[in-house]
Amino acid sequence: MTDLAETTATTGTDTGALTVAVIGAGGKMGMRVSNNLDTSAFTVRYAENSPAGQERVRAAGREVVDSATAVDGADVVVLAVPDVVLGAVSQDLVPRMKGGSILLTLDPAAAYAGLLASREGVAQAVAHPCHPSVFLERRTDAEYADTFGGIAAPQEVVAALEVDDEQVRTVAEQVITTIYAPVIQVHWVSVKQLAVLEPTLVETIACMVGALLKEALDETVNTVGVPAEAARAMLWGHVGIALTNALRGSNPFSEACHIAMDYGRGSIVKDDWKKIFRDDELDTVIARMLRIDAVRR
Ligand SMILES: NC(=O)c1ccc[n+]([C@@H]2O[C@H](COP(=O)([O-])OP(=O)(O)OC[C@H]3O[C@@H](n4cnc5c(N)ncnc54)[C@H](O)[C@@H]3O)[C@@H](O)[C@H]2O)c1
């Protein structure tokens with residue numbers, strides 16, 4: 001980590017000395033992180049291989065360079081490409097990265113599955129945005145409008161290093177707090193813990209429950225015939241109270257509500273649902289997401 005040590009020692013908090021490459025700069029995350037990097041003090045290079053993506057990068061006023069040029073001499077390389085190509089893209093780019101640099105991915109699946117090319121002297125980091133909390137006290141129109149995070153609403157981030165190293169963490173955190181700004185805090189965990197958070201906790205469970213709520217709303221309106229506005233108003237308000245009661249204990253659920261909740265759990269939730277937290281189940285879902293036969297850990 002000699003180069004990084006020098007970068008940290010000579011720059012301190014002077015992030016302007018860092019060079020950051022964004023690969024996949026015209027994609028959904030690529031555009032988001034680029035918008036924030038663009039206004040930072042970093043030197044930033046943008047690479048994107050699809051014509052439509054290149055057009056989006058140029059329309060935002062940014063120059064597109066090829067990936068090899070972007071990566072050459074960069075301190076941090078952000079891979080904002082689809083997870084299914086992270087293995088191939090890292091195999092192409094990691095050998096071109098300078099010693100002491102950091103490969104930063106935005107989702108733990110490929111790192112967890114052992115798909116990323118590794119090389120002595122190139123550190124691997126993963127950082128996933130938490131998105132603004134459902135309980136965030138938003139104060140401005142811009143904060144209300146920023147549902148995803150990274151624009152105006154403050155959010156937290158969970159990050160991991162393949163091999164823990166304080167200097168790598170310091171440099172990575174400078175980039176992470178920039179790409180996902182405004183950031184309240186970066187929580188450092190292991191790659192496996194990050195993989196349990198995403199997909200298991202937030203996609204397998206939370207996003208699935210969100211989609212189930214939408215299906216339930218459609219059923220209420222289309223099958224039972226309740227007016228859509230009434231059903232939506234009732235559901236959206238009750239989702240708020242259900243979350244604050246269950247997650248923060250804001251109010252007790254009523255006795256009758258507990259009876260209905262028990263009926264719902266018995267009718268909908270399988271007894272063995274917590275198996276999704278087992279290692280073999282995590283490996284299965286991640287292999288499925290990455291379209292590979294098995295994870296390599
Ligand atoms: N979309 C989200 O909400 C979200 C949230 C958090 C993390 N992530 C992670 O961010 C990463 C990117 O996801 P996305 O949803 O932005 O994908 P995307 O498909 O929207 O964008 C990927 C971009 O990479 C480009 N690309 C593909 N191969 C390339 C290559 N070899 N060289 C240069 N560019 C290349 C594509 O043309 C595309 O523009 C993934 O790791 C994903 O898991 C996504």
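Both counts, for ligands and for their atoms, begin at 1 and track the order of listing. What's counted below: heavy atoms across the whole structure, side chains too, no hydrogens, waters or symmetry copies.
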Query - Where ligand 1 meets S50 - atom numbers and elements under 4.0 angstrom, heavy-atom basis - result: 37 (O)
Query raised in the report: Can you tell me which residue and heavy atom of the protein come closest to atom 19 (O) of ligand 1, and the distance to 0.1 Å?
Result: P82 CG, 3.8 Å
Report summary line: Looking at L86, V78, L106, the heavy atom closest to atom 9 (C) of ligand 1 belongs to L106
Query raised in the report: Does F253 sit in a hydrophobic cluster with other residues, and if so which ones, taking ILVMFWY side chains as linked at heavy-atom separations under 4.5 Å, directly or through other members?
Result: M261
Report task. Would you mind checking which non-hydrogen protein atom is closest to atom 11 (C) of ligand 1, with the distance to 0.1 Å? Result -> V81 O, 3.5 Å
Query raised in the report: Would you say P154 and L136 make side-chain contact, with heavy atoms under 4.5 Å?
Result: yes
**Report entry** Per atom 22 (C) of ligand 1, closest listed option by heavy atom (A110, G30, A80, S90)
**Finding:** A80
Query raised in the report: If you measure from the Lys or Arg side-chain nitrogens to the Asp or Glu carboxylate oxygens, is any gap between D72 and R45 under 4.0 Å?
Result: no
Requested in this report: Please report which non-hydrogen protein atom sits nearest to atom 15 (O) of ligand 1, along with the residue it belongs to and the distance in Å to one decimal place.
Outcome: K28 CE, 3.4 Å
Query - Audit row: K192, Y112, side chain to side chain contact (heavy atoms under 4.5 Å, CB included) steps and yes/no - result: CA-CA 6 Å; K192 181 183 172 187; Y112 175 78; 3.8 Å; yes
Query raised in the report: Can you check whether R56 reaches E48 side chain to side chain, under 4.5 Å on heavy atoms?
Result: no
**Report entry** From the candidates H128, E48, R32, M31, the one that places a heavy atom nearest atom 6 (C) of ligand 1
**Finding:** H128
Query - Interfacing atoms of ligand 1 (cut-off 4.0 Å, heavy-atom, F148) - result: 3 (O), 5 (C)
Query raised in the report: Are any of the N/O atoms in I23 less than 3.5 Å from those in ligand 1?
Result: no
Query raised in the report: Just checking, any donor-acceptor pair under 3.5 angstrom between side chains of E173 and T177?
Result: no
Report task. Under the side chain to side chain contact (heavy atoms under 4.5 Å, CB included) rule, what do D107 and H128 come out as? Steps first, then yes or no, please. Result -> CA-CA 6 Å; D107 184 280; H128 202 285; 3.9 Å; yes
Report summary line: When distances are taken from atom 21 (O) of ligand 1, the protein heavy atom at minimum range is G27 CA, 3.2 Å
Query raised in the report: Who's closest to atom 2 (C) of ligand 1 heavy-atom-wise, of H131, R56, M29?
Result: M29
Report summary line: Interatomic distance, NZ@K98 vs CG@D75, rounded to 0.5 Å, equals 4.0 Å
**Report entry** Any G24 heavy atom less than 4.0 Å from ligand 1
**Finding:** yes
Requested in this report: Report the member of V64, D107, N49 with the shortest heavy-atom distance to atom 32 (N) of ligand 1.
Outcome: N49
Query raised in the report: So do D38 and V44 actually touch side chain to side chain, heavy atoms under 4.5 Å?
Result: no
Report task. Look at ligand 1 and say whether D83 reaches it with a heavy atom at a distance under 4.0 Å. Result -> yes
Report task. Would you give the length of the straight line joining atom CZ of F148 to atom CZ of R32, rounded to the nearest 0.5 angstrom? Result -> 3.5 Å
Report summary line: Under 4.0 Å between heavy atoms, the region of V89 that gets near ligand 1 turns out to be side chain
